[in-house]
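Written out below as structure tokens is the structure these notes cover.
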Amino acid sequence: MYSSLIHRYCCLGLKSLCVMLQSRLAAVSVTQHLHTSSSLLSKQWAKKNLQLFPPQQLHEPRRPAEVHHSRRQIKYSKDKMWYLAKMVRGMSIDQAVSQLEFNDKKGAKIMREVLLEAQEMAVKNHNVEFKSNLYVAESFSGKGKYLKRIRYHGKGMYGIMDKVYCHYFVKLVEGSPPEAERRTGYDQAQDYVEGLKARTVIHGL
Amino acid sequence: MALSMRRTLVSLHRTCQSYKNVEVPLDLHHPVPFYLPVRTKKRYFIPPAVGLKGKKQWDPVAKARAAGIVIKQENMERPINIACTAGIFDPYIPPEGDARLSSLSKDGLKQRTEQLRQSASSQLAIRKIKEHDSTFTTKSFAEQAQEIFIEAHSALTDFNKEKLHSLVTERCYPEMTRGNRYKTIRWRFIESLEPPRVVHARCPDMVTKGNLYGQVTVRMHSKQTLAIYDRFGRLLLGSEEQPKDVLEYLVIERHLMNLYGRWRLHGKIVPSWAPAKDPIIKTVAIPGPEMEEPGQEFDPLNYEVPKPQAVQWYK
């Protein structure tokens, strides 16, 4: 009886140890993803432009040129900027520039300037042959450093008002934009039927 | 003010409770209450930027001036050593048929040896160089110059900065390395088609009269392969397998007054009759001509691209 009790306690002890170990491991991986440097001073995005690739062999396909560009501390909300960034993703540079030119949002004008700057950089510094042969591979916005102010409410109450700033990052790649895969209803139906056919029947006649 | 006075009295009263022989001042007009609320910790947050509006930075210079303290102005002086000249003085102008006459060995060689002897200023310069550098001879120096050239270019392919600085002057270094930091260069010296020769020498002096520099021009004809790849590993110029015959005029310089001066590559002379280089593997847009009237149309069929003048230039 005592041995069984001891056995149970040992099992519990082992389980709790495992859980502790798992949480410690999780903590280690979490700390790796914490923001350790301030995003205003970090030049990680611009450093991607300084990456040197070794010369290609003849049998390898031609590597497309990539340009990374960003603008920091734009006086606009990152959530509002996201809508424009999502719109521009996957478009060719000419299409993106023309769409942003006729967009009424404040961020559209700034985003258009950034895209044109990136195009010029690509042609001048990164050996891109044709300036129209570029497409937007990655485009996203990030939070900038906010200024804090007091917003006065009634009855002596107050709130802390954030003056929002955002960063905008874009990566242009040489070539024509990749075609988005279009799934029709027929494709979905096909997949469903094949799934039904691939079922394994156990304990059947 | 009354509250603060009361607070101090309260604290005094509390301390006096522990000591028996201290007299407690009893004030009938301002009696001390038994219970006083103690201030709680400040919990609200005010952004720091609110209070800073209109505040000026503390200016130590203005305060010192107002106080009458005089600080001696320290001029930040840093001595600079100029180890090379800014350009090529009295450059050598290679004769037009130089590349063609080399095939006719007897006549070409005779002409060129005569030219070197005829040029008196070159002879003077060589004599001056021999005063400062006793081991200098035109024959040995030509070989040395070729070795310096080969070592400098192999250091450029490896991008070994320290070695490159010791083999190449400060004027030549940016010309060699500009724009090459994010490119891969593959260069190979296959063989020398003709033995290198000294064709020209000058001894200019910079700033003061005695500060002598020696500049010697060496002509060399050789086979080389050059391939430049851009940042992404794509071929920009040349090819690695196809060798090319190259006729070059190198200018090698040394600061003669300096005990530790070394012969280093200073530049190259590209003659006006040099053949055009191979085009880059890229399409480049050339800016079009300026239209006189606003409504004038540009006719691309009849337009001739203007060719640059054939001028001798220095790399």
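Here is how names work: the chains are called A, B, and so on, in the same order as the sequence lines, proteins then strands, and each is numbered from 1. Hydrogens, waters and symmetry mates play no part in the numbers below; they use all other heavy atoms, side chains included.
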* **Side-chain heavy atoms of B:F232 within contact of A:R62, under 4.5 Å** => no
* Does a side-chain heavy-atom distance below 4.5 Å link B:R231 with A:N49? -> yes
Crowding at [atom1], [X] (>12 non-hydrogen neighbours, <6.0 Å):
X      : atom1 : value
B:F159 : CZ    : yes
A:K75  : NZ    : yes
A:R183 : CZ    : yes
B:L193 : CG    : yes
A:Y186 : OH    : no
B:K282 : NZ    : yes
A:M157 : CE    : no
A:E179 : CD    : no

* Could you tell me whether a side-chain N or O of B:R234 sits under 3.5 Å from a main-chain N or O of A:R63, the two making a donor and an acceptor? => yes
* Asked: Where does B:L236 contact chain A at under 4.5 Å (heavy atoms): side chain, backbone, both or neither?
  -> side chain
* To do: Below 4.5 Å from any heavy atom of chain B, which atoms of A:L52 appear? Answer side chain, backbone, both or neither.
  => both
* To do: Please flag which part of A:E66 lies under 4.5 Å from any non-hydrogen atom of chain B: side chain, backbone, both or neither.
  => both
* Residues in residues 116-133 of chain A near chain B [non-hydrogen atoms, under 4.5 Å] -> A:V123, A:H126, A:N127, A:V128, A:E129, A:F130
* At their closest point, which heavy atom of A:L50 faces which heavy atom of B:Y182, and how far apart are they? -> CD2-OH, 3.3 Å
* Tabulate, in ascending numerical order, the residues of residues 184-192 of chain B having at least one heavy atom closer than 4.5 Å to a heavy atom of chain A, or enter 'none'. => B:T184, B:R186
